[in-house]
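Okay, structure first, notes after.
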Amino acid sequence: MDLNIQRALNDKVYDKRKVGALELERVIRELVAAKDHARIEAVLDQLCNEYAYAVHQPNARNGGLIGLAAAAIALGSELARYLEVIVPPVLACFTDQDARVRYYACEAMYNIAKVAKGEILIYFNFIFDSLCKLGADTELSVKNGAELLDRLIKDIVSESAATYVSVLEQPVHDFEGDDKDGHDDRVDLPTAFSLKRFIPLLRERIFTINPFTRTFLVGWIILLDSIPDLELVTFLPEFLGGLLRFLSDPNRDVHVATQGCLDKFLNEIKRIARVKKGIADSRKSKADGKRKRTDSLDSGSIRLAPDEPDDADSNTANDDDDASSEDDWVPGQDVQINYKAVLEILTATLDSPLDGLLESLRWIVEFLDICPEEVLPFTPTILAHLLPAVASGVESIRQAAGRVNTSLMDYVVSLSDDAELTSMQPPSRIPGPPPGDRQDGNASARASLSSSRELEMRSPTPAQGRPVARTPTPALSVATHPQADLDYAAAVNSLTLLFLNDHEATRVAALTWLIMLHRKAPRKVLAFNDGTFPALLKTLSDPAEAVVTKDLQLLSQISRNSEDDYFSNFMVNLLQLFSTDRKLLETRGNLIIRQLCTSLSAERIYRTLADCIEKEEDVEFASIMVQNLNNNLITAPELSELRKRLRNLETKDGQTFFVALFRSWCYNAVATFSLCLLAQAYEQAYNLLQIFAELEMTVNILIQIDKLVQLLESPVFTYLRLQLLEPEKYPHLYKCLYGLLMLLPQSSAFAALKNRLNSVSSIGYLHIAPRPYVTSSGAPMPHSRQGSVAEAYNSLTLPSPSRKNGIGTETHTLTRSNATTPSGTSFDRPNRLKGRDDGIIRWNELLDKFKTVQERARRIQRLGGDIDDGSMLSDLRIGDGTMDARSGAKEIPTRPPPVPVKDPPAPTQPAPKPRSGLGRQFGRLGGAVSGRGKRAQQ
């Protein structure tokens, strides 16, 4: 360069540098005109090495930048071959420490790009990287200069990025050939801008945290996506994760811009999916129409004359025209979107903060509409993050999670099981079990599951399901290969882990999913049930009642679809859980039993539990469990049919059921007595009362009797109260109720039962009092005893009833008026225990079983030292203010107790002697013991 130009470019005054640049521009124009390329290259080398790269001389760098810009302007169309010399030093100045140098670099690059236009796209990555940094520059002038340059580069990219090919890539002989050959050569040439080369840079920069850089990146992503031929959406997985992070930026502008960008991508994906679906539907309809026409031609070919081939040819030509019109290009039809990679990013973002989670849920619910088969493999991961969001405290998150949950469940429910059923079930099982075996307690069952439930309701356990899968031929299995399948193992594991979630809604949703999955594919869920079964049992202790209800529904559903061994194992584990967690039995025992009886067969549950309890070693727990089962049997509305079956002991099923319950109910004396009342086995109940005299009357037993008396006033025992009106037909009923009355102390229950019996005592007296009774020795009974209804009624039977074939019968010796006693209608008519000599109910054996169990319980209690105060007080005799304990309760049935006659002989003096303070404290128990003493004397 001329010395004057060199001095001007090196001056610190901008105007002098500008004058030198104008002079340099004139010189280079002359060199271009003279085609002196060597001189041009020498000038450019001098500008780069002596000026632009002068790191510690800012004025020289500024002069070099303005000189390079002037040279680029002067070169004009020849600039392309010199860009590799001009651009690198300008890019180097973008990182200079002096802000003025960075600004002049932006100005120089602006002028260079304005002349180079499409050619500058070769260096797009370098310019873009520099602009990313300059956009966050602390100097305002530099940011403004970078913004101007950014606008220019965006304009160039919008115009030329998709199609521009650098002149350096074109062959020299391009102009010599014909236009067609030249066009064909240009098609294969690479464009100056390459999206594949740009994406790695974008992926690197997308994780920036500077809000200005983020705004810059979002702006460029929106621009590149708006260029139709680039199809940036195909590279969406490369930068989607970073975009979702932008949503949590505290800068509102970044959030708004990112949200708009994501909305555009989602709308574009939906548009492409619609285009592809429309094309597929069109091709399918065309193929169906063509096949129909072909079939019609084939069917009519017999009638075609030899001179009619032209019509067939015309039809074929029309088909070809249709095919060619069908192949017309539609924007978006050839765009391939990697849904799997996008879903991997979306599922990984489900644990992000509020905005990222909300956007991910919105995309997933749209993908369930666009490509649900792609979402299905990600179901376990989605559920692990989705269900906790269902219980989110943010309303928008909760609603979005609810929509995704509903859509995903609907899709899983709608999946066709044809392939699975064909490959896993033998043909004989396709009709399914009878309707009676498919009872389902879930009121919210989906109707779309009915077909699969009919086919898979009575599925075997995993051990049984494995050989079934080998029945079809391999060819059939290959022919029905499903396009997508759910990973049931991972889904069950994810849902089981959610049982530990703190939110009730999440736990309920997890159980709802498990119920649906098991209903859809019982075998696949059962195959992994070994790990989930303990978790399901543990969930019964959940504090939320809704969770326990769902858990019981799932357990019932699994039991209903399994073999008897699994059901028995479930009942055994349930009893073990109750045994170890007494609080659960106390607070949720009734709920659990009732829910199971609602979902499953109540008789099956009671039979299985009875068998398990009969083998129970813990006598105390067995008594408590029997008491709970008995209370539910009496009071639960869900067990009304079971109560009706117990009252019908004339059938073999009713008798076997009664015997099964009686044998396990023996652990609880009062429950056994109430069972006999339910079954209307009043004579057996009276025989039990006689054994009660040998038992230790503990406070617990008296409390249970008190509750039983209250239950006798409930609607469940309406039939029993009505039977009191027929003393001839149910004679032992009176003795049972009067026996209870004698066991009770003077309490509210005593008064209630006494009032009930007094209300019907006149009816019993009409049948009993006018009759002269004769003892077995022939001596008439004293008239004073006939004045008491209770005493007169006790004379109806002898102390020991006769037995016939193990069946208790009543034998009475009495004299009645011949005028009022028709033949064959005395009290020796068959009662409810007669006529059952078929051998199913062996009443003597049941009584012996009761005695054995109660004796064993008393022995274990004494050996264990667990005799409570109530049981010790039951052995106390109250006399003249003194009490002494009786030991040897086993001797009661062999000899009468040595109770001194302290009671006044006249029945008109009911008032007892004044008791001591301790006697008043245990008044209820004292009354009970005194009543037993009086009966022993009589």
Side-chain angles (χ1 to χ4, degrees), residues 1-28 31-32 36-75 78-116 119-135 137-139 141-143 145-146 148-149 152-153 168 201:
M1 289 186 296
D2 188 71
L3 292 177
N4 295 328
I5 297 176
Q6 294 182 23
R7 284 194 298 269
L9 292 178
N10 205 17
D11 199 284
K12 64 181 180 179
V13 180
Y14 174 75
D15 292 335
K16 292 183 178 182
R17 292 197 303 270
K18 186 175 181 181
V19 172
L22 292 175
E23 182 65 21
L24 178 61
E25 179 182 350
R26 183 187 62 79
V27 171
I28 293 181
L31 294 176
V32 171
D36 190 354
H37 299 293
R39 179 75 183 276
I40 295 174
E41 291 178 357
V43 172
L44 294 178
D45 289 341
Q46 186 178 8
L47 285 172
C48 293
N49 297 326
E50 298 181 8
Y51 290 88
Y53 287 130
V55 179
H56 301 293
Q57 302 176 21
N59 295 330
R61 299 198 82 175
N62 293 335
L65 290 171
I66 195 171
L68 289 174
I73 294 173
L75 288 172
E78 297 291 331
L79 178 60
R81 65 177 63 185
Y82 298 106
L83 277 179
E84 61 180 359
V85 178
I86 296 176
V87 172
V90 178
L91 293 174
C93 292
F94 280 140
T95 58
D96 194 276
Q97 295 180 355
D98 194 340
R100 290 178 302 175
V101 174
R102 297 196 299 272
Y103 172 78
Y104 288 128
C106 293
E107 184 181 68
M109 184 61 72
Y110 182 89
N111 292 322
I112 295 171
K114 196 170 184 179
V115 176
E119 293 294 333
I120 201 66
L121 295 179
I122 299 176
Y123 304 94
F124 174 80
N125 282 11
F126 303 101
I127 298 174
F128 181 87
D129 190 29
S130 300
L131 289 176
C132 280
K133 303 171 184 176
L134 295 175
D137 199 287
T138 56
E139 185 65 30
S141 60
V142 177
K143 291 177 65 175
L148 291 174
L149 176 61
L152 177 62
I153 299 298
L168 301 177
L201 176 62

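Sequential numbering from 1 along the given sequence is applied to the chain's residues.
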Quick check for you: to the nearest 0.5 Å, what is the distance between [X] atom [atom1] and [Y] atom [atom2]?
X: His37; Y: Leu44; atom1: NE2; atom2: CG; answer: 12.0 Å
X: Leu65; Y: Ile86; atom1: CG; atom2: CD1; answer: 12.0 Å
X: Ile112; Y: Leu68; atom1: CD1; atom2: CG; answer: 6.0 Å
X: Leu121; Y: Ile127; atom1: CG; atom2: CD1; answer: 8.0 Å
X: Glu41; Y: Arg81; atom1: CD; atom2: CZ; answer: 9.0 Å
X: Asn59; Y: Arg17; atom1: CG; atom2: CZ; answer: 6.0 Å

What heavy-atom pair brings [X] and [Y] nearest, and what distance separates the two atoms?
X: Ala74; Y: Val32; value: O-CG2, 4.3 Å
X: Tyr104; Y: Asn62; value: CD1-OD1, 3.3 Å
X: Leu134; Y: Ala146; value: CB-CB, 3.6 Å
X: Gly20; Y: Leu9; value: C-CD2, 4.0 Å
X: Leu24; Y: Gly67; value: CD2-O, 3.7 Å
X: Val90; Y: Ala105; value: CG1-O, 3.6 Å

Please examine the side chains of [Y] and [X], heavy atoms only from C-beta on, and report whether any two atoms are closer than 4.5 Å.
X: Asp15; Y: Val19; result: no
X: Val85; Y: Cys48; result: yes
X: Leu91; Y: Phe94; result: yes
X: Ile66; Y: Tyr14; result: yes
X: Lys133; Y: Asp129; result: yes
X: Val87; Y: Met109; result: yes
X: Asp2; Y: Val27; result: no
X: Leu168; Y: Leu83; result: no

Any donor and acceptor pair, going by atom type alone, linking the side chain of [X] with main-chain N or O of [Y] inside 3.5 Å?
X: Tyr123; Y: Glu84; value: yes
X: Arg61; Y: Ala52; value: yes
X: Arg102; Y: Gln97; value: yes
X: Asp96; Y: Ala92; value: no

With a cut-off of 6.0 Å (strictly less than), are more than 12 heavy atoms of other residues, nucleotides or ligands near [atom1] of [X]?
X: Tyr103; atom1: OH; answer: no
X: Lys114; atom1: NZ; answer: no
X: Tyr53; atom1: OH; answer: yes

Original post:
What's the verdict on side-chain contact (heavy atoms from CB on, under 4.5 Å) for Leu131 and Leu149, showing C-alpha distance, side-chain angles and the deciding distance?
Top reply: CA-CA 8 Å; Leu131 289 176; Leu149 176 61; 3.7 Å; yes

Subject >> Contact list for residues 42-51, test side-chain hydrogen bond (donor to acceptor under 3.5 Å, both in side chains), sequence neighbours left out >> reply: Gln46-Glu50

